[in-house]
Every structure is written in structure tokens, then in C-alpha cells.
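Please read these numbers as outputs of a predicted model, since none were measured by experiment.
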Amino acid sequence: MAELTYRAAVARGIAQEMDRDPSVVLIGEDVAAAGGVFKTTEGLLERFGPDRVRDTPISEEAIVGGIMGAAMNGLRPIGELMFSDFLATCWDIVANQIAKTRYMTGGQVELPLVIRTANGGGARFGGQHSQSVENWAMAIPGLKVVAPSTPRDVIGLMAAAVRDPDPVVFFEHKKLFASKQDVLEGEIVDRLGEAAIRRPGSDVTIVALAAMVPVAVEAATVLEATGVSAEVIDLRTLVPLDTRTLLDSVSRTGRLVTVEENPRLCGWGAEIASIIAEEGFWNLDAPIVRVTTPHIPLPAAAELEDLAIPSSERVVEAVLRIQ
Amino acid sequence: MAELTYRAAVARGIAQEMDRDPSVVLIGEDVAAAGGVFKTTEGLLERFGPDRVRDTPISEEAIVGGIMGAAMNGLRPIGELMFSDFLATCWDIVANQIAKTRYMTGGQVELPLVIRTANGGGARFGGQHSQSVENWAMAIPGLKVVAPSTPRDVIGLMAAAVRDPDPVVFFEHKKLFASKQDVLEGEIVDRLGEAAIRRPGSDVTIVALAAMVPVAVEAATVLEATGVSAEVIDLRTLVPLDTRTLLDSVSRTGRLVTVEENPRLCGWGAEIASIIAEEGFWNLDAPIVRVTTPHIPLPAAAELEDLAIPSSERVVEAVLRIQ
Amino acid sequence: MTPDPTSDEAARLAMYREMVRARYFEQRAYDLFMEGIVQGTTHLGLGQEAIAAGFAAAMRPEDMTFCTYRGHNHTLLRGAPMSALLGELAGRSIGICAGKGGSMHLTDVTKNAMGSYAIVGAHLPIAVGAAWAGSLRGTDQVSVCFFGDGTTNIGAFHEAVNLAAVWKVPVVFVCENNLYMEYTPISEMTPVEHPAADRASAYGLESIIVDGNDVDAVYAVASRTIERARRGEGPSLVEAKTYRHKGHSRADPGEYRPEEEVTAWLARDPIPSYRARLEAVDVDPSTLDAIEADAMIEVDGATEETRNAPPPAAETLMTEVWADGGSEWRN
Amino acid sequence: MTPDPTSDEAARLAMYREMVRARYFEQRAYDLFMEGIVQGTTHLGLGQEAIAAGFAAAMRPEDMTFCTYRGHNHTLLRGAPMSALLGELAGRSIGICAGKGGSMHLTDVTKNAMGSYAIVGAHLPIAVGAAWAGSLRGTDQVSVCFFGDGTTNIGAFHEAVNLAAVWKVPVVFVCENNLYMEYTPISEMTPVEHPAADRASAYGLESIIVDGNDVDAVYAVASRTIERARRGEGPSLVEAKTYRHKGHSRADPGEYRPEEEVTAWLARDPIPSYRARLEAVDVDPSTLDAIEADAMIEVDGATEETRNAPPPAAETLMTEVWADGGSEWRN
Ligand SMILES: Cc1ncc(C[n+]2csc(CCOP(=O)(O)OP(=O)(O)O)c2C)c(N)n1
Ligand SMILES: Cc1ncc(C[n+]2csc(CCOP(=O)(O)OP(=O)(O)O)c2C)c(N)n1
Ligand SMILES: [Mg+2]
Ligand SMILES: [Mg+2]
């Protein structure tokens, strides 16, 4: 048992997999000598050497194209994109090449690769370095999508992502890098597609992801005081999606509130709300409410950014609105 | 009154605006001398000259970055991306620069530009030239999104897009290029954000866009025979979204079916289903059903592509499921 | 390494055979497109066969080919079965990609034909990554990446060649300069005369230009650059001058091209000229006739197989998104 | 055009003043970041002021500046009010972008400072488009686009310079080569010695290198390339050698840089060396002292204004997504 930060868990998770499988490599900008701009890859160069841990030029298409090619030829590469906003600079390779190649070749090409990237707001970095874009990846058939909310899950889901035979986009949340948790020593391996009930409850189901999970849990604690028993579900992975856990929870609570950091339109919350509105409709006792960042770019000023990103107060208000 | 193809309507719509406003220009690959690979810009070079109608290198980032800069300095540029799939090759400029710059500069920068692109499947072009990606654009705050379903609307909405002071992504559907309609001579100008009821009905609301509109209308005709009165709404623009028409229709029908060509997850159908599940919940008499392309890349073979893209049979089946 | 065809008659005949096979195959693909059997689109390499044949001859089986939508010839000449390729163009169950890819995505990984890519530039970084993985794993593999002149103006070209040069990756970039993008001459869209060769120095690479219609010349450059890559001396960027006999794709008649230009290049057709060269060194014409006859028989056979093949089964729509063979995104 | 500073003392003093203003401003920004007043991040151009001052002096008011997150100095030197810039760094209501942009997006369109861009390479094609629009409208404007050495390896760089050359657009690309990307030396990530200058020939452009720490030299190159663009002779690509005195951003101490390298470059600080040059031509030291004192007064004033300014009003969260001033996406 050791107290571990989310940041350190990233390096531990990668190291765990590089240790066990020599075909796992890591490339990206400043990931080697510098240990990553968020210090999430610290020590990996020293431990695994420059062949397996490599700095790249500022060439995102070459980074993700490079790991795609490497995955086609016997490696299990991990590519880092410094900020998830930069997925846009290589979106063709990610969405049109990596995601579609297996299908388009009739299953000839397997792509066991992971794209890691720092996602989300709260750091006052402004509109081009703060986005939550997990919904971009979820919208693309052929990509698996992971977004852990705890240090332990970073390790377990990193292992699952690296061992998965399909391409995985792994979102590390900037706001959580400093968060801490006691984590057991030794190997940790999870399975993709399993949500976690962070807090059982009977009156309403609150679904959250990554940095919105602590927000939802905080809201649930406040709600308890007002006599509302909220169940908080941490999705952990968007693809595959654990719809069973979601449908089961709503069948017990009859109410659904989703809490997303991404902008309002076409987020994962809309997908989940739609699934429940079709398959869980007869269990619903009230409208489905989505709490999201408004449909605006993220502002830089602290006071504005804090207003934009969902807060526990907004979650509480949303839940009470449908009680 | 002249019979006009959707394809010819594109050129007429652009010409109408270039005629009236000398600051309107058009750039893209093969748009000038060749008249566009879909012949949607035929005659424009001859009519407006090489300064205003320009071929570019195969450099999508330079095309959309170029029109962004041009819009910052007094032009109202139109940029063509040959296939909407190629939005991925310049997504950073579209989603991170064009969409966010006005907000990030506190309103200093106005970007009256239009990105036109050929969208959608049905041409057996395979996974990288057949996508419906209107949901990509809808998910980005700061972009307006237009997708006409008729030749007349191509002209009216093109005019609205070009005259709009904000960036607009204009999706022209490949499957509709050959479709014909009698269109009045003279200027046609619509407003963004107004859906059209293509067929009034009382039992169910079917919401569709672009090439899915004729599919929905065909389904409604079949349903009528079975005694089900379906109202078909053509969204025409996704942003701004005409939620009033949607909520009003569902308040009358009590049932909602969306028909999307994009892959299943996080499409505009999910957004609309979620809006209704929150704001129209008490009017709903049945689950909300989304008919979409499955969450797969589009296959090339005719038989497979036809199975993938929503058909009127699938829409009928979906509607009957909730009667 | 492979015997030097320029001194080895058998190898020269082999290159002749490969060019003829590619030629007949693509001519048939065109006819079948006009007939409506081939679906969607085709981008033919008619006239560019010497580049495919020269490089294929210089490659080892384990070397990897990455090409574009205009890569029918490259995929075929790495050894992919003709009927599976034609079947793919026609969207049949026998297609090399089970009918899912179509003409722009011909792939045969068993022959290290690592894919045809339909979005300009995307496959260059992919080819770099595959080559890098080979060198890391000590496989001695080389990647050969084919693309067009217009591709030299897209960002991915720049990023890929730069990374390959910085990492000294064993990849050979081959620009097939056929003078045109789709309908626009490359000369109007590039500020330098040689879109690839004049960019080589930007990456510290040698400027290499070869007559893409002379299969012997292509072979020589191919073996030189491939062996350089194999020795660990890094990438090369080759510009092969050539011309496509037909339009850009589908039924495009290519009327945007000056007639004299077309005639001049048709006169430089790589196949008859190579036949003449072989005859000049006393190759028996009947040998060459036999090669041509065999190729036609192969094409006819593939055509029959394709005509008789059923479309893909409906169930296959939902297969092969994931490695488990399926497409499930939920439980 | 502007008087030639190298022969005009007033103009030289003006350039000195601008360098000093930029220096004091960014030093203060650093102190305020350490104090927690400046939020998020800052990327300082300390040590690179001569490039900003030399170009700003050679530009006409209507000429347009496009720069990066490391563009505080460029935006200031085009005339943006210092308090509005500092207020933006601190996320206050008085910020030039109303607090919405932050340090990476400083913009003042009234001064034709057309924006600071935070994603590497993106602003190059934008600068090209703005310059093209100017020439189409006959405004005689020139775009000057500043970026770093690491930016020469991203696709947008290649696409933008190529398009500018093909269209002969009036834009000057200025690569501020400070030897480092974030923490990685550019020399390790580029196969050529001069990441920008050695790429110029790939676009048919002259290779231009200038001492970025010598404001007179920068001014000379700036006026030559800007006037060339204004004459309609097309773009230029300038590589200015320089060095950043501090780390990449925020509190980065820059320890990845060899000490001798740092000391050597600090000894080539563009400001004291220019002061020495001016004194050598008999500029009265008290004149220079006065310039420095005035700059410090301006910075102190801006600091006070910023400290006293309120944060942006909550209502502004939802404004200025659209030209109508609002953010409504539905009716
Ligand atoms: C990024 C991108 N932009 C545009 C296209 C459309 N397109 C397909 S082929 C082509 C021309 C390519 O020219 P070149 O690179 O010379 O190859 P060639 O077709 O001549 O073999 C274009 C513009 C594309 N497929 N991808
Ligand atoms: C596309 C993209 N990739 C990565 C980054 C992260 N990043 C910000 S600055 C920087 C280094 C840029 O180096 P250079 O171009 O030399 O400019 P400098 O910071 O030295 O002025 C990087 C990698 C980014 N902002 N955009
Ligand atoms: Mg070509
Ligand atoms: Mg630098």
C-alpha cells in the first residue's frame, strides 16, 4: 500500500506494461528526457532506454501515424498527445485511418495501440488547451475510449488499454493529476467496459466520468443531507459502454442525471440519455437531465472557467429539479 | 420556374451571392478550371474570374486556414473541402481556431466564412469517402451547421450561410446531387435555424436531415397505408437548432423517431432525443427511437452499404415498434 | 539481394510479365467499371506500371508496401491474387477485403502489401512507423511508400519525411509524378520544378529523379535506396517521372490535358518500349507473346471468378470492427 | 516607409524603448505569475525582444501581426495597451480579450495584432489568408507571421509556406529559432542545421538567416522582406537566431539547457548590447536611463491597474460566441 498521485500512476501503469511486454514502446513530444510536460512519464527513459521511450518532433500526424504503422508491424505502441485538443491536428489519422483500417481491410490489420492524452479544464489554460473531447472519440466507430477518475484505475485501465488488441484513446484528466489515493503494490489489471458504482443510492442515478466523478460524489453527499439518496456511476470507459449497469441503476432509481465536462451538444451524456429514453423509458419517473459545460469554448479567467465547468451545486440543483 | 438539380443549385447559390457581394470568394481543390469534382462549381471561374475562384494545392489546412485569415481581413470566403471526411485533415483549424477565435478574443474577430463539403454515403466509395460527419461539427461550440435536402434549400441556405457573420459548415449530400426540383428564378434567401415540416402528421414525429429526409417521407407514406399518421421534420440546420418546432411536434404526436445517417454514437439524433427526454418528457407516450447507421465504418460493397444506411423499411419498423 | 535484372534475362522477363499483368488487369478493371461490375470508383495506374514493377522486383518478401487508391498495380505486383483484387473492386465476397474496402483500400498483409490509403498523405507517417518497428525488432524490413506529386503539398508528407530522416528509419518514399493532381497540373500548385526531388534537401536527403517509365532505371534506383535503408543509413525520397494514360478516376476522359502532351507520353509507354529493348537484346518475341497471352488468361480467369462471385453476406456488415471479430460497443 | 533606424537616432531610440518595454513587461508578468496574480500559464519572450522590435519598427500600422503564445512582446510592440495585456494574463475584466483568452491568445485587432495562437503551426495558413485578402482588396497590407523553430516540423508550416509561394502572397514568415522546442533541443528533431532557412529552397524561396539579438540587423531584414512582399514579389522565410532567457513556460527553470550555453547567450542579451552600441555613437546615457525609467513607470502603472481590476462579470461567460454577441444555439 503506497499513496500514489494520478500523475505518478500514469508512469507506473506504463512501466508495468513495458516491464512485462518488450513490444510496448512510448513516443511523444518531450516524453523521454523531460519525463513529459505533466511529468507523467518520468523515469521511463532511464528505465527502458531510448529505443523504447522516444521524443518526437512537433508532428502529431507523424506521432499517431507512426504508432499506427508500428502496431501493424509487431509493436504495441503508446503515443502521447500532450493535450487532447491536439487530437484535432491528427484527427484524420485517428478517425479515418486507425479507427477504420481493420474493418476496411476485412480484418487483415490489427492495431493494438494506445493514444494517451491530457484532457479537460480547470487549469486556466484557455480554449485551446482545456477541452474535454472524449465525445469526439466516442463518435468514431473503431475506437475504444477510456477516462479513469482515480490513480488505481489509471493503472488498471492503462494495462487493459495496452493489452487490448484494438486502438484505445486514453484520456488523462489534468485536474486529477495531483489527486492522491492509497494503491496496492503489484500488478493491477482491469477490464474495459466496466463502470463502477462509486456510491449506491435509490432515488436518482448520477452518471459521471473522470474529473466529474468527484463532483458527482460531492453532490450526492450534499443530497443525502436533504434526504435524497443518489447513486453515482463512474463510467470509466465510454467504449465499450457498460449499458447494463446504467439500465439496471435507472430501473431502481427511476431518475437519471448525467454530468459531463464536454460542451453541451452531442456529448456522451446525450448518448446515455438516449439509450435510457429508448430502453429504460418505462422505468423513468421524471425527465432526464444533462448537466454539461455550456455550448461555448472554455474561457481562461478562473472565475469564468469555474462557472463553465459543472459544479456539485449545479448537479444538486439538477437532481432536486426532478425529485 | 426551372427544373434544377441539387448539384446545379450549389453553383447557382454561390453565384447568387458572388454576384451581389464582391467580397465573396471561393477556393478549393479543382473548384476553378475543373468546376469541382462533383461539378458543383461549374461556370464560376468563367463568370467571376481567377481572383475570386481559385484552385489550391492539396493542403486542407491551408484552405481552411486561408479562408479564416481572409475572413479576418475583409472577405466573405467560401472554402470547399472535396469530401467531408477531409474535415479530419484540418480539424484543428476548424474546431480549435475558426470556432473559438471570436470567443477567445472577447469578440474582436468576426469570421464570416463558409466551409462547403460533400457529405454522406451511397456512392460505394468506402469508409474514407462516405461519412456523414455533421455531428462532428455540431459538437463544436462556435460553428453553425447546415445540411439542405432539396435544390431550393441549397440556394436559400447557401445564401443564408454566406451572409451569416459567423462560420458555417455547409454539408452537401452526395446522394442528392442528381435529385431534381422545380425552382423559381430569382434570388432565394432563407434563414438559418428554421426546420421544415415536410409532411404533417399526428401519431409520430420523424426527424430527418439531408438524404434521410426522402427516406423519412417514403416511410411516412408507407405508414399512412397502415393507418399511422407520421409528421416528417426536415431539420435543415443543426446549429442553430429549431427546438421549438421539434417540441411542438412531439407535444402533438407524443412519439419521436430520429433518422440519422451518421454512425450511432453521439449523433445529432442523440442530442434531439435528449432534449425531448428532458423538455418534452411529459408529452411522451412511448420510448424515443433512433434509427442510425450502425456504429461501424461504412463498407464499400453496394449490398453492405445499403444495409448500413437507414432505409424507409427500418424507419417504418421503428415507428411501428412504438405504436 | 535479388539478381540484377539489367544483367539477368530471367529477371527482366519477370519485370516485363509484371508490367503486362498490371496493364491487362487495370484495363479490365476499367472495362468492368464501364459495365457497372466494378463499383464506386477506380484510380488506374495505366502507364505507371514500370514504377510498381521496378520496385517490387527490388524488394524482399518481408519488405512492406504502402500505397494509395492508385495502388492496384503495387498490390498486385507484391503478389496479391488477381481475382481477390478484382473481386474487391466489384464488391464481391471473394474480395481481398471481403468487399468492405473497395478499390481505394486494396490490402494483402500476407504479401506485405500493407494497404492502399484513400486520404492524401496519411500513409506516409504510417509507413515510417512500420519501418521503425521493423528496425526496432531487428527484422531488416524496409518500407516502400508510394504517393503522387500532389501529395508533396500536404502536411503529412512533411511530418513523415522529417521524422524518418531524424530517426533514420528504413523507408523509401516514392513520388510517382504523373504531372497532375486530379484535374489540376502540379506545376500550377508547386513553386519548385520537381515537387519531391526539390524538397529532399529540406530533410537532408539526396535529390533523386528517375525515369518512371523505364523499368530498368527504376529497378536500379529501387535497389540502391532499399539497400541503403536496409544498411541503416536512413530514408530516401525518389521522384519518378511518369504519366497516367487515363483520367484521374472512374470515367474521367482527362480532357484537361493537352493532346500533344498525351500523345508524347503515350509514345513513351513503358511496356512496348521495354518489349523493344528486350527484343533488341535478342529475347525471342514468342517468349514475350507467351507472357502476354498468359497474363490475358489470368485476367480472364479473374474476371470469370468475379462475375460468378456472390456479394458479401449480410452478416459481414457487422464483423471485423474489433479484434474479436465483432462490432459490439456495449454490453 | 519608416525612417531607417540604423541611420536615424530617434528611430533607434524608439527600438531601444520598445525592447525595454517588452523586457520589463515580461519580467513583471513572470513575477506576477509567481505571485499567483497571472493565471494559468505564460510563455515569455525574454531575450527575444530584438525580433519583435525590429519587425514592429519596419511595419506600417495597417500591416498585420500573427504570433504564438510566446507573443506578448509582438502584441505589445504593435501598440496594444500594456494594462489590457497584463489584465488579460491575470484574467481580469480589463483584459484585452475580456479575460476569455488568457496569456496564449493576446489579440488587438485595432492595432492589427491579429492574434496569438496556442496550437503550433495553425496561424501560418491564417496569416497567408489574411495577406491574400489584403492583396485581393488592394490594401497594400503585409502579414508578418512569427513562430518557433519547433514549428518548422509540423504540417501546417509546409502547407502555408507552399501556398504563399504558389499564390505569391505578401507574407513574411519569421522563425524565432531559440534552439529549443519545449524541453527538447530542435537540433535533435531536425535533420538540417537551420530548421527554417534550410527549408526555404523547398518553396523556391531565398534562405535568410539573421542575428535575432541584433535589432538593427533584424530591422534591415524586416524592411527588405516586407517591402518585397508589398511590391507583390511574394513571401519570405526568415530565420532569426535567438535564445529565451527563461524556461519554456510558467515556472520552468530550463535546467535541461547546458550552463555554458545559457551564460554565453545571456552575454549576448539584445538590450544591454544595443545600449552599448548607442552609447558608442554618443547617445547620452541619461536619455537611455530616462527610457528605462519611463518603461518601468508604465509597467508599474499597468500592474496597479491589474491588481485593482475586478474579474470578468459572470454574464460574460455566455457572450461573444456569435456575432450577435450571444451564444444561443437554439430557439
Ligand atoms: C487530404 C485529401 N485531399 C483531397 C483528396 C481528393 N483527392 C484524391 S486523389 C487527389 C489527387 C492526388 O494527386 P497526386 O498526389 O498527384 O496523386 P495521383 O492521383 O496523381 O496518383 C485528390 C485531390 C484526398 N483523397 N485526400
Ligand atoms: C500542435 C501542437 N503540438 C504541441 C504543442 C505543445 N507545445 C506548445 S509550445 C511547444 C514548443 C514549440 O516550440 P517552438 O516552435 O520552437 O516555439 P517556442 O516555444 O520555442 O517559441 C509545444 C510542443 C502545441 N501547442 N501544439
Ligand atoms: Mg499526380
Ligand atoms: Mg523554440
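Contact record, B:Ala301 with C:Pro312: CB-CG, 3.8 Å, taken as the closest heavy-atom pair. The shortest non-hydrogen separation linking B:Leu304 to C:Leu317 is O-CD1, 3.4 Å.
Within the structure, every pair that satisfies the ring pair (Phe, Tyr, Trp, His ring centres under 6.0 Å) test and touches residues 25-54 of chain B, not counting sequence neighbours, is listed here: B:Phe38-B:Phe83, B:Phe38-B:Phe177.
Only the backbone of C:Ala313 comes within contact range of chain B, with at least one heavy atom under 4.5 Å from a heavy atom of that chain. If you measure heavy-atom distances from B:Ala33 to chain C, you find no contacts under 4.5 Å at all. Looking at B:Leu298, the atoms closer than 4.5 Å to chain C (heavy atoms on both sides) all sit in the backbone: N, CA, C or O. Of the atoms belonging to B:Phe86, it is side-chain heavy atoms, and not backbone ones, that fall under 4.5 Å from chain C.
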Considering only heavy-atom distances, could you tabulate the donor-acceptor pairs under 3.5 Å between chain B and chain C?
| unit_1 | atom_1 | unit_2 | atom_2 | d |
| --- | --- | --- | --- | --- |
| B:Asp30 | OD1 | C:Tyr183 | N | 3.3 |
| B:Asp30 | OD1 | C:Thr184 | N | 3.3 |
| B:Asp30 | OD1 | C:Thr184 | OG1 | 2.5 |
| B:Ser59 | OG | C:Asn153 | O | 2.8 |
| B:Gln128 | OE1 | C:Ala118 | N | 3.1 |
| B:Ala300 | N | C:Lys100 | O | 3.0 |
| B:Ala301 | N | C:Gly99 | O | 3.0 |
| B:Ala302 | N | C:Gln39 | OE1 | 3.1 |

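Of the listed residues C:Gly150, C:Ala156, C:Ala122, C:Gly155, the one with more heavy-atom pairs under 4.5 angstrom with chain B than any other is C:Gly150. By number of non-hydrogen pairs under 4.5 angstrom with chain C, the leading residue of B:Ala62, B:Pro57, B:Gly126 is B:Pro57.
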